[in-house]
**Student:** 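Structure provided below as structure tokens; questions to follow.
Whatever order the structure lists them in is the order used to number ligands and atoms, beginning at 1.
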Amino acid sequence: MRAIVYEKFQGPITLQNVDDPTPKNHGVVVQLTATGLCRSDWHGWMGHDPDIDLPHVPGHELAGIVSAVGKDVKNFAVGDRVTVPFVCGCGTCPQCHSGNHQVCDHQTQPGFTHWGSFAEYVALDHADINLVKLPDAISDVAAAILGCRFVTSFRAVVDQGKVEGGQFVAVHGCGGVGLSAIMIANALGAQVIAVDINDESLKMASDLGAMATINAASSKDVVGQVREFTQGGAHVSLDALGSQATCFNSIANLRKRGKHVQVGLMTGDHQHPRVPMDKVLANELEIIGSHGMQAFRYEALLQMIQEGKLQPEKLVERTISLEDICHELPLMDSFKNRGVLVVDTFN
Ligand SMILES: [Zn+2]
Ligand SMILES: [Zn+2]
């Protein structure tokens, strides 16, 4: 099969012919119809992810058709149109037994723990608990951007932040995660304040329903401005980027008993950020993480998409070919794209 391969971190990314994958007994192989390009793929290529062995095929947001099935798989067959959350559970550890596959003790992540979806075919493990059948009404391109940023935002806003209509929600960072969160919080009836350093991204945030935007590059007091827009502080605030500054601001701009949800990955120098712990104590703030989403929660998400309340395809900036990844992936840290790039051509 054709696949995007790198042989050393920060090294050349090339299109190569490699062996087709075969399914494990509990797994399947999926022929890709669409796959999204995400900043986590850039982190992987940089060498920030300890799970990656070289040579490596990245890619973790995907939609496709099941093309081979392991002998123990009961619920899926060749020809099924499916997607998968980027964190796949094992189904047997204490976390999975408690229904929290997104923090599975033995989790697999295509494009990180094994070869991913920047290829014609990808192997996926423990298919019965991780695959999600796609309704016909949801396009391949829309489905391909759900698996990482969109489901992570859905869990952050709906299940972790428990956002309700009428609440004020601040979103720090308007990349794929932040824009998804804005769309989801807006659909729930919340009033969203979007923060970013790029006016183009803030424009997109407004288009997706943010009631106010703040450019953090030109603002002298992001926290003060959020407090002003939200009449005393956000009920729920997300760090959708993952940096010292956005994490601090997201906690500091909360009202009493507000919730900060950390959604952006914290890597490198940003791993252990400064936290206004005095405010956490005095104001009874909650600090919550959000990491992927269980496959069984897709039902609620797909329902909202089918009802037209969520339109993930609005986040797509343009579609590209598999080969285009070679030059697009290294640019993922330059934040030049307003929206999401999705591969929809594999040959
Ligand atoms: Zn598990
Ligand atoms: Zn991702």
**Student:** Using a cut-off of 2.8 Å, count how many protein N, O or S atoms are strictly closer to the Zn ion (ligand 2).
**Tutor:**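 There are 3 of them.
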**Student:** Can you classify the ring geometry of H48 versus W42 as parallel (below 30°), tilted (30 to 60°) or perpendicular (above 60°)?
**Tutor:**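 Taking W42 first and then H48, their aromatic rings stand perpendicular (interplane angle over 60°).
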**Student:** Pairing donors with acceptors under 3.5 angstrom, does anything connect the side chains of Q16 and T14?
**Tutor:**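 Present: a donor and an acceptor within the cut-off.
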**Student:** Within a 6.0 Å radius of atom NE2 on H272, are there more than 12 heavy atoms belonging to other residues, nucleotides or ligands?
**Tutor:**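 Check fails, neighbour count at 12 or below.
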**Student:** Locate the shortest heavy-atom distance separating H101 from I129; write the atom from each residue and the value.
**Tutor:**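 For H101 versus I129, the nearest heavy atoms are CD2-CD1, 4.0 Å.
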**Student:** What's the separation between atom CD in Q160 and atom NE2 in H260, rounded to the nearest 0.5 Å?
**Tutor:**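 Reported value, rounded in 0.5 Å steps: 12.0 Å.
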**Student:** Please check if any side-chain donor atom of Q303 sits under 3.5 Å from a side-chain acceptor atom of E299, or the reverse.
**Tutor:**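 Checked: Q303/E299 side chains show no N/O donor-acceptor pair below 3.5 Å.
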**Student:** Can you see which heavy atom on L302 is nearest to which on V132, and at what distance?
**Tutor:**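 It is CD1-CG1, 3.9 Å.
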**Student:** Go through the steps for H291 and F86 under the test ring pair (Phe, Tyr, Trp, His ring centres under 6.0 Å), then give the verdict.
**Tutor:** CA-CA 10 Å; H291 183 245; F86 82 95; 5.7 Å; yes
**Student:** Going by distance alone, is a donor N or O of one side chain under 3.5 Å from an acceptor N or O of the other, for D125 and H114?
**Tutor:**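 The answer is no; no qualifying pair exists.
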**Student:** Could you grab the protein N, O or S atoms closer than 2.8 Å to the Zn ion (ligand 1) for me?
**Tutor:**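 You should have found C90 SG, C93 SG, C96 SG, C104 SG.
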